[in-house]
Amino acid sequence: MEELEALRADALAQLEAVDGADALEQWRIDVLGTKGRLKALTPGMKDVPKEQKPQAGKLLNEVKSALETAFADRSKTVAASGGSSGPAAGASAGTTGPLLDVTEPGISPGLGGRHVLTRTMDELAEVFARMGFSISQGPEVEDEWHNFVALNIPEDHPARDPLENFYIDGKHLLRTQTSTVQIRTMENASPPLKIISMGRVYRPDEVDATHSDMFHQIEGLYVDRNVSMVDLKTTLLQFAHAYFGADAEVRLVPSFFPFTEPSAEMYVRMHVKGTLQWVELGGCGMVDPNVFEAVGYDPEQWSGFAFGLGIERIAMRKYGIPDIRWFYENDVRFLKHFA
Ligand code: DAH
């Protein structure tokens, strides 16, 4: 207890004499620090006779809080007098680390955003929903029936070449087109129906600025009585107007797909970098009677149109994205641009 009293007197006297923030900090370390003089006295507590223990403990706490209070008071005067040196001088002396400037703008936690492809798909879903299309979905791992056979793609068709497909085993492959969902939807529902389906498709293409071995398609299918090519073109034109603007135009160029007859390639005239251009977006046509037969629809009663468009192509034109690979690289600068 005498030692405690001595420490108190001595330390307080030293504290009075402290000059500047550095010296003050040194005092704190010497006296109150984890290896300081006060701590050094604590082990001695166990040698105090039992009757005096409560008293000694009380004194220890008293000395400790007296020194801390004195230190806090002294800190204020040292700080107010401008202190001596270093970054701690402006803050309460004795604290270390950088100053906190509460007037600085905070660090934003950074909000995520939809990927531009997700956003494009949301927009497409909305445009087609307004025209009465609902959304259908199918698996990315498909069998040959849904990817080829039911779509009227014969055994010897070049599209079935193993080199043109990602086969998983002899019977299953990653789907090459969302047309598979036409078959799955018709197998599970009776006509009339009006659906779109969006999702990933896979082809072993050489990857470059306009090709990727995985990309996205939007498939459309409308089956009813007396559906005609006029309905197809009207639907595509309405879509183009809603999505690319009132001055967009649609052109259908004769083509061939096994699952449609007649078939066409769809072009949209839209603004690309300030000039109007014809851009091919995909294929379309009237559903081939063989496809109806494959799913058990009577081709004498029902007719329909279908289309399949590349979603990256649509997004690249709409947002002026020059390289398809940018969609998948997840470069934060690209993502942020569309967030
Ligand atoms: N599935 C075709 C492709 O990937 C695109 C397509 C063409 C889809 C005509 C259709 C269609 O539904 O009618 O190249």
Side-chain angles (χ1 to χ4, degrees), residues 124 128 131 133-140 142-154 157-161 164-166 173-187 191 193-205 210-224 227-237 239-240 250-268 279-292 294-295 297 299 302-314 324:
L124 292 174
F128 281 101
M131 294 192 264
F133 287 83
S134 55
I135 291 186
S136 219
Q137 268 174 330
E140 291 175 23
E142 264 299 2
D143 50 37
E144 295 189 300
W145 169 260
H146 292 95
N147 202 80
F148 301 123
V149 183
L151 286 164
N152 198 33
I153 303 175
H157 194 281
R160 295 182 65 164
D161 188 326
E164 300 293 325
N165 297 285
F166 287 115
L173 72 162
L174 297 178
R175 68 179 178 192
T176 56
Q177 49 189 357
T178 45
S179 304
T180 53
V181 187
Q182 290 187 35
I183 304 302
R184 288 190 174 271
T185 307
M186 289 191 282
E187 281 174 338
L193 47 86
K194 203 172 184 185
I195 59 107
I196 56 163
S197 186
M198 294 180 285
R200 298 188 183 99
V201 299
Y202 301 84
R203 296 177 191 177
D205 277 340
T210 54
H211 296 85
S212 167
D213 43 24
M214 184 283 297
F215 59 99
H216 296 70
Q217 285 186 330
I218 174 170
E219 192 81 13
L221 174 69
Y222 173 42
V223 181
D224 207 334
V227 178
S228 76
M229 203 82 183
V230 174
D231 300 308
L232 170 60
K233 187 156 181 187
T234 308
T235 302
L236 294 176
L237 187 61
F239 155 65
V250 167
R251 186 161 72 186
L252 297 186
V253 176
S255 183
F256 175 81
F257 298 99
F259 32 91
T260 42
E261 182 57 37
S263 303
E265 240 130 51
M266 178 209 185
Y267 286 79
V268 176
V279 177
E280 195 216 319
L281 292 186
C284 59
M286 304 306 294
V287 179
D288 192 291
N290 288 342
V291 173
F292 281 146
V295 297
Y297 283 13
W302 303 103
S303 51
F305 68 68
F307 58 85
L309 316 176
I311 295 180
E312 279 81 350
R313 254 180 197 215
I314 293 174
I324 197 170

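Numbering of ligands and ligand atoms starts at 1, following listing order.
Backbone and side-chain nitrogen or oxygen atoms of Ala306 are examined, and one is located within less than 3.5 angstrom of a nitrogen or oxygen of ligand 1. The distance criterion of under 3.5 Å between nitrogen or oxygen atoms is met by Gln217 with respect to ligand 1.
In plain terms, the two heavy atoms of Gln182 and Ala306 that are nearest each other are NE2-CB, 3.4 Å.
The closest approach between a heavy atom of Gly282 and any atom of ligand 1 is not below 4.0 Å. Not a single heavy atom of Phe305 sits less than 4.0 Å from an atom of ligand 1.
Taking the six-membered ring where the residue is Trp, the centroids of Phe307 and Phe128 are separated by under 6.0 Å.
Side-chain contact, Asn147 with Thr176: a donor N or O sits under 3.5 Å from an acceptor N or O. For the residue pair Thr185 and Ser136, a side-chain donor N or O sits within less than 3.5 Å of a side-chain acceptor on the partner. Counting only N and O atoms by type, the side chains of Ser179 and Glu219 include a donor and acceptor under 3.5 Å apart.
Contact annotation for Arg203 and ligand 1: only side-chain heavy atoms (C-beta onward) come within less than 4.0 Å of the ligand.
Those atoms of ligand 1 that come under 4.0 Å of a heavy atom in Gln177, given as number and element, are 1 (N), 2 (C), 3 (C), 4 (O). Below 4.0 Å from some heavy atom of Glu219 lie the following atoms of ligand 1, by number and element: 8 (C), 10 (C), 12 (O). Of all the atoms in ligand 1, the ones that sit under 4.0 Å from a non-hydrogen atom of Cys284 are 7 (C), 9 (C), 11 (C), 13 (O). Per-residue contacts place Gln182 under 4.0 angstrom from the following atoms of ligand 1 (heavy atoms of the residue considered): 12 (O). If you number the atoms of ligand 1 from 1 as listed, the ones under 4.0 Å from a heavy atom of Ser179 come out as 1 (N), 8 (C). Atoms of ligand 1 found under 4.0 Å from any heavy atom of Gly285 (numbered from 1 in listed order, with element): 13 (O). Near Phe257, with a cut-off below 4.0 Å to any heavy atom, the atoms of ligand 1 are 7 (C), 9 (C).
Looking only at side-chain heavy atoms (C-beta outward), Gln177 and Leu151 come within less than 4.5 Å of each other. Between Leu174 and Glu142 there is no side-chain heavy-atom pair separated by less than 4.5 Å.
Closest to atom 11 (C) of ligand 1, if we only count protein heavy atoms, is Phe259 CE1, 3.5 Å. The protein heavy-atom contact nearest to atom 5 (C) of ligand 1 is Gly308 O, 3.9 Å.
No more than 12 heavy atoms of other residues, nucleotides or ligands sit less than 6.0 Å from atom CD of Gln137.
Look at Glu280 and Arg251 and you find no salt bridge, because none of the NZ, NE, NH1 or NH2 atoms lies under 4.0 Å from a carboxylate O.
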